[in-house]
*Asks:* 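First, the structure itself, so that you have it in front of you.
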Amino acid sequence: MRRIKFTSFVIVLSFSGFWLTSCAPEKDEEALKAEAKEIHDRVLTVDTHSDTPSLMLRKGWDIGERHEPGQRRSGKIDLPRMAEGGLDAEFFATYVGQGERTPEGYARARERANLLLGAIHKMAEDYPQLVELATSPEDAYRLEKEGKRAAFIGMENGYPIGKDLSLVEEYYDRGVRYITLCHSSDNDICDSSTDRRNPEDKGLSDFGREVVAECNRLGIMVDVSHVSDKSFFDVLEMTKAPVIASHSSVRTLCDHPRNFSDEMLKALASNNGVIQICFVSSFVKKAKPNPEREKALAKLREKYGSWSEVRDESVREKMEDEYMDIYEKYPSEKATVQELVDHIDYVVNLIGVDHVGIGTDFDGGGSVEGCDDVSELPNITEELLRRGYSEEDIRKIWGANIMHVFRKVIERAKIVGA
Ligand SMILES: [Zn+2]
């Protein structure tokens, strides 16, 4: 990794008296911003996780329209702001909250997944001049050249698959290119990192092994974000292709079960996989205890039930409003862009620059100070450049790494599936 380029350039110019000392710092910053913008525009930029499809279902919210950043009902991503923020490709997630593991529960989960899949397809039909559905790395690179956004689909939580393996192929046919095996609770595929109702971590189930093998056969990326530590190692032991963590961060820097330990990061590198650093503030920086907020959130859950139980869109909106009220009333200090890039640095120093990328989790809780929505993504590139990352490193982090893994998964499928 070359991390000297920009700073050495500045030092040489400063010593040669090229700039007047009084205005040098401003000039440095201006030059850096300009160079960052050029690099940001030149490289393929990919975000591997957003929960924006749930907004697509909201009445009156249109992804083709620009929404003012920072407003409560704006969301973090729309197509105009994607262009502003120079984001070329997004993996839109069909997030389904974990519910009961019964035939009725599976049916409801499938219904929700279908609604979200339909919304993503509809976006592409409504705005063909702005965005296209993408199912391969080649699509993303082609669309970048055409100046259109690439919309990939990731399925967050394998719950809609229930116990029916044939559904994996059905979802593949509808464009799904990664499956996050579980969400916040254990499911039939594997145990979750955040479900300790049963303290024993059972890892990947027999059915889960079949799901991973089916993903390998079809060319779907297996996403190990949200899975428990044992599930993670179980997946790595049997998968025939590299895996991704579509939105996770580093446990050594922020001790949270959703984040990856050093041991996991090293194992991920031997699998040739990639971790996409997540922008959820409490995964970036340990949140201070906020008992009043916890109490208010518990009351909200009592009132409405869990998110997965609320299917009426108008009730869901009310719940969202009250949820945001609570966060406004009991705020906590947010992590910064600098602290977020510390996670990228950490992964680079531990396992190298080939195994890290960006997975914002916008519209699913992702937001840090200095990068609250998609239009502010160039601030990440600026910070990388400020720290001396070369254009080649930035290209890898922003998209080349994840597209390389995706290509390997597709190549592997041709062998496994044959
Ligand atoms: Zn998530």
Side-chain angles (χ1 to χ4, degrees), residues 46-57 75-77 90-99 109 112-113 116-117 119-120 152-161 171 176-187 189-196 208 211 220-229 231-232 235 243-251 254 256-260 264 268 273-285 287 297 301 306-310 316 320 323 327 335 340 343 356-368 371 373-374 402:
V46 183
D47 171 20
T48 47
H49 195 86
S50 90
D51 284 318
T52 312
S54 66
L55 296 189
M56 297 177 194
L57 295 175
K76 307 289 187 196
I77 293 182
E90 177 64 58
F91 277 80
F92 290 99
T94 61
Y95 158 64
V96 177
Q98 186 62 44
R112 179 83 190 158
L116 293 163
L117 279 167
I120 301 167
F152 286 105
I153 304 176
M155 170 168 270
E156 184 176 33
N157 196 357
Y159 178 39
I161 297 163
Y171 289 129
V176 171
R177 287 300 180 270
Y178 76 64
I179 295 177
T180 318
L181 298 178
C182 68
H183 191 247
S184 306
S185 310
D186 302 345
N187 66 12
I189 297 171
C190 68
D191 274 12
S192 162
S193 61
T194 46
D195 186 350
R196 290 284 77 87
V211 170
I220 293 178
M221 292 182 280
V222 173
D223 179 13
V224 289
S225 281
H226 281 288
V227 311
S228 70
D229 288 16
S231 303
F232 168 84
V235 169
V243 301
I244 67 163
S246 72
H247 58 306
S248 293
S249 298
V250 172
R251 205 177 285 173
C254 178
H256 192 291
R258 274 281 282 104
N259 287 344
F260 278 29
M264 290 161 87
L268 187 70
V274 63
I275 179 169
Q276 306 284 105
I277 299 299
C278 182
F279 289 34
V280 171
S281 188
S282 58
F283 301 166
V284 175
K285 182 164 96 174
L297 287 173
R301 273 193 298 272
S306 70
W307 288 102
S308 60
E309 286 162 328
V310 183
R316 211 181 166 83
E320 272 170 14
Y323 182 82
Y327 271 79
L340 178 89
H343 284 249
V356 66
I358 307 281
T360 63
D361 208 358
F362 279 148
D363 293 318
S367 161
V368 295
C371 195
D373 82 338
V374 66
I402 180 72

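Just so you know, ligand 1 is whichever comes first in the structure, and atom 1 is the first atom listed for that ligand.
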*Asks:* Tell me if a side-chain donor or acceptor on N259 pairs with a main-chain N or O of C254 at a distance below 3.5 Å.
*Replies:* yes
*Asks:* Within H226, is some N, O or S atom less than 2.8 Å away from the Zn ion (ligand 1)?
*Replies:* yes
*Asks:* If only side-chain N and O atoms count, and only distance matters, is there a donor-acceptor pair under 3.5 Å linking H49 with Y95?
*Replies:* no
*Asks:* Taking the N/O/S atoms of E156 one by one, which is nearest to the Zn ion (ligand 1)?
*Replies:* OE2
*Asks:* With no hydrogens and no angle check, is any side-chain donor or acceptor of R258 less than 3.5 Å from a backbone partner on S193?
*Replies:* no
*Asks:* Between S228 and D191, is any side-chain donor less than 3.5 angstrom from a side-chain acceptor?
*Replies:* no
*Asks:* Below 2.8 Å, can you find an N, O or S atom of C278 next to the Zn ion (ligand 1)?
*Replies:* no
